[in-house]
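Bear in mind the structure is a predicted one, so any value in this text is a computation, not a measurement.
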Amino acid sequence: MRKILIVGAGQSGLQLALGLQARGYEVTLMSNRTADEIRAGRVMSTQCMFHTALQHERDLGINFWESQAPRIEGLGVSVGAPDASRPVDWVARLDGYAQSVDQRVKMAGWMETFAQRGGQLVIHGAAVSDLDYFSRTYDLVLVSAGKGELVSMFGRDASRSPYSEPQRALAVAYVHGLGPRPEHPDLEAVRCNLVPGVGELFVMPTLTTSGRADILFWEGVPGGPLDVFQGVKDPSEHLALTLELMERFTPWEYARATKVELTDANGTLAGRYAPTVRHPIGRLPGGGLVLGVADVVVANDPITGQGSNSASKCAAAYLASITEHGDQPFDEAWMQQTFDRYWETAQHVTKWTNAMLGVPPEHVLNLIGGAGQLPPVAHRIANGFNDPSDFEHFFYDPDKAGAYLESVAGA
Ligand SMILES: Cc1cc2nc3c(=O)[nH]c(=O)nc-3n(C[C@H](O)[C@H](O)[C@H](O)COP(=O)(O)OP(=O)(O)OC[C@H]3O[C@@H](n4cnc5c(N)ncnc54)[C@H](O)[C@@H]3O)c2cc1C
């Protein structure tokens with residue numbers, strides 16, 4: 001059977017490894033950490049995944065935590081004003097529920113499953129020189145190593161990467177003890193709190209190593225009042241800062257967070273990165289070719305919560321391309337076509353995410369504000385998180401946005 005090496009055991013690498021393994025491919029998975037190290041390590045994401053991405057996991061029968069993870073049935077948007085009031089506040093139901101399973105739980109569990117099913121798991125932080133050797137011994141080498149150093153093999157695609165610097169400073173805290181939302185106590189929802197000019201606070205339920213929890217995730221405009229987490233090493237100081245900023249900018253979220261405590265000493269994360277699209281094919285010094293997967297080739301800012309969703313969609317698309325290709329060589333043309341197939345989806349995510357990082361134009365403010373009075377608009381925006389290609393039809397162009405709002409208001 002064909003031999004495939006996958007470097008990097010995250011959402012995309014593991015999903016692909018388990019999918020290929022189930023189809024009889026001889027898969028080697030290389031990870032720079034063991035399952036136990038991942039499980040006991042730092043949180044990596046907020047990993048909220050919507051229906052289509054979750055369905056790819058169900059299709060492979062690897063949705064092991066679906067019954068334990070909170071079902072996120074709604075998505076809400078609030079906009080904060082400088083006086084800390086909340087002029088916009090709405091929530092809409094998702095057509096299919098979303099879920100967040102701490103990547104420490106999921107990746108560690110999937111890695112163990114892959115090994116139990118007879119997969120070859122190699123614990124090694126791969127370097128370019130290793131890949132040079134492996135590209136000669138495997139039919140295909142896939143690099144799914146996230147935003148790590150191996151991305152240096154893949155050139156930045158400037159035409160698809162409008163930003164060369166990070167657009168947000170990220171600060172995540174996993175907590176127990178968050179109270180329900182008074183407005184809709186029985187609806188599990190992810191809430192996006194937008195504080196114009198300052199940043200965003202995302203609050204969502206998750207399943208973590210210690211059971212059900214919630215995530216408080218600040219995205220701060222660099223240099224602004226939320227950009228204060230760099231260099232904070234003490235997790236309790238990180239949480240205290242998170243709460244202080246919530247009290248100042250989003251008091252409605254702070255009101256239910258007064259009793260929270262961190263889930264564990266590794267339940268915080270801070271960092272930043274520039275959103276980047278890369279050329280998908282890496283050329284090794286010895287002439288071999290490798291194909292980049294998910295964040296390696298398309299790394300968007302998490303402001304729209306799409307990276308894990310995209311990683312799942314990328315893995316599903318690559319799995320189909322690999323199996324459809326049968327015994328033919330995985331050459332450069334196939335690699336490009338395989339990425340292009342994924343880009344059909346990823347381009348919409350990239351366009352929407354990059355738009356959300358900029359200052360919102362008036363028609364976008366009208367849409368977000370109008371959704372408060374017009375439930376169908378709220379429903380459409382919320383469900384766009386599952387399928388961002390829909391934004392093409394009403395979100396970017398002022399005329400289309402205006403016509404859409406008028407049509408809903410008139411109906
Ligand atoms: C703060 C934050 C919040 C986020 N929130 C969301 C969200 O709510 N929803 C969403 O969909 N996305 C979210 N994302 C994005 C999402 O987490 C990523 O896009 C997704 O995990 C990417 O999957 P991946 O498979 O490409 O890479 P990763 O999941 O990053 O996996 C890469 C793996 O490769 C390993 N590795 C790296 N280098 C090597 C090497 N040389 N050799 C071997 N192994 C290596 C890494 O240790 C890691 O295990 C968020 C990201 C951040 C930072």
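Ring to ring, Tyr97 and His51 are not that close: their centroids are 6.0 angstrom or more apart. Ring-centre distance between His238 and Phe229: below the 6.0 Å cut-off.
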Working for ring pair (Phe, Tyr, Trp, His ring centres under 6.0 Å), residues Phe339 and Trp334:
CA-CA 9 Å; Phe339 173 75; Trp334 175 85; over 10 Å; no
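In this structure, Tyr342 and Tyr318 have perpendicular ring planes: the angle between them is above 60°, well past the 30° mark. The aromatic rings of Trp218 and Phe249 lie perpendicular to each other, with more than 60° between the two planes, well past the 30° mark.
Cation-pi geometry between Lys351 and Tyr396 is met: under 6.0 angstrom from the ring centre, within 45 degrees of the axis. Figure legend: Lys3 and Tyr138 shown as a cation-pi pair, the cationic atom lying under 6.0 angstrom from the six-membered ring centre and within 45 degrees of its axis. Both cation-pi conditions hold for Arg160 and Trp343: the charged atom is under 6.0 angstrom from the six-membered ring centre and inside a 45 degree cone around its axis. Tyr404 carries Arg380 over the face of its six-membered ring, with the cationic atom under 6.0 Å from the centre and within 45° of the normal.
Taking 4.5 Å as the limit, some side-chain heavy atom of Ile322 sits within range of a side-chain heavy atom of Leu142. Under the 4.5 Å side-chain criterion, counting only non-hydrogen atoms from C-beta, Leu207 is in contact with Pro70. Counting only heavy atoms from C-beta outward, the side chains of Val141 and Leu284 never approach each other to under 4.5 Å. Within the 4.5 Å cutoff, the side chain of Asp227 has no heavy atoms near those of the Val221 side chain. Considering only heavy atoms from C-beta on, Arg156 comes within 4.5 Å of Ser164 through its side chain.
To the nearest 0.5 Å, atoms CG (Leu291) and CD (Gln336) are separated by 9.0 Å. In this structure, CD in Glu392 is found 11.0 Å from CZ in Phe394, a value given to the nearest 0.5 Å. Here OG1 of Thr263 is found 10.5 Å from CG of Asp214. Values are rounded to the nearest 0.5 Å. Considering CD1 of Ile6 and CD1 of Ile4, their distance stands at 6.5 Å, rounded to 0.5 Å.
A donor-acceptor contact shorter than 3.5 Å links the side chain of Gln99 to the backbone of Glu66. Side chain of Glu219 to main chain of Ile303: a donor-acceptor pair is present (N/O by atom type, distance under 3.5 Å, no hydrogens or angles). Ser144 places a side-chain N or O within donor-acceptor distance of the main-chain N or O of Val7, the cut-off being under 3.5 Å. When atom types are taken as modelled, the side chain of Thr353 and the backbone of Thr350 share no donor-acceptor pair closer than 3.5 angstrom.
For residues 4-17, the side chain to side chain donor-acceptor pair (under 3.5 Å) pairs, not counting sequence neighbours, are Gln11-Gln15, Gln11-Glu57, Gln11-Lys106, Gln15-Ser312. Residue pairs that meet the side chain to side chain donor-acceptor pair (under 3.5 Å) test with at least one member in residues 359-374, sequence neighbours left out, do not exist here.
Using a 3.5 Å distance cut-off with no hydrogens or angles, the side chains of Thr34 and Asp36 do not pair a donor with an acceptor. Using modelled atom types, one finds no donor on one side chain facing an acceptor on the other under 3.5 Å when comparing Glu200 with Asn193. There is no side-chain donor-acceptor pair under 3.5 Å between Arg39 and Thr209. A donor-acceptor pair shorter than 3.5 Å cannot be found between the side chains of Asn32 and His124. Between the side chains of Asp102 and Thr206, no donor-acceptor pair of N or O atoms lies under 3.5 Å.
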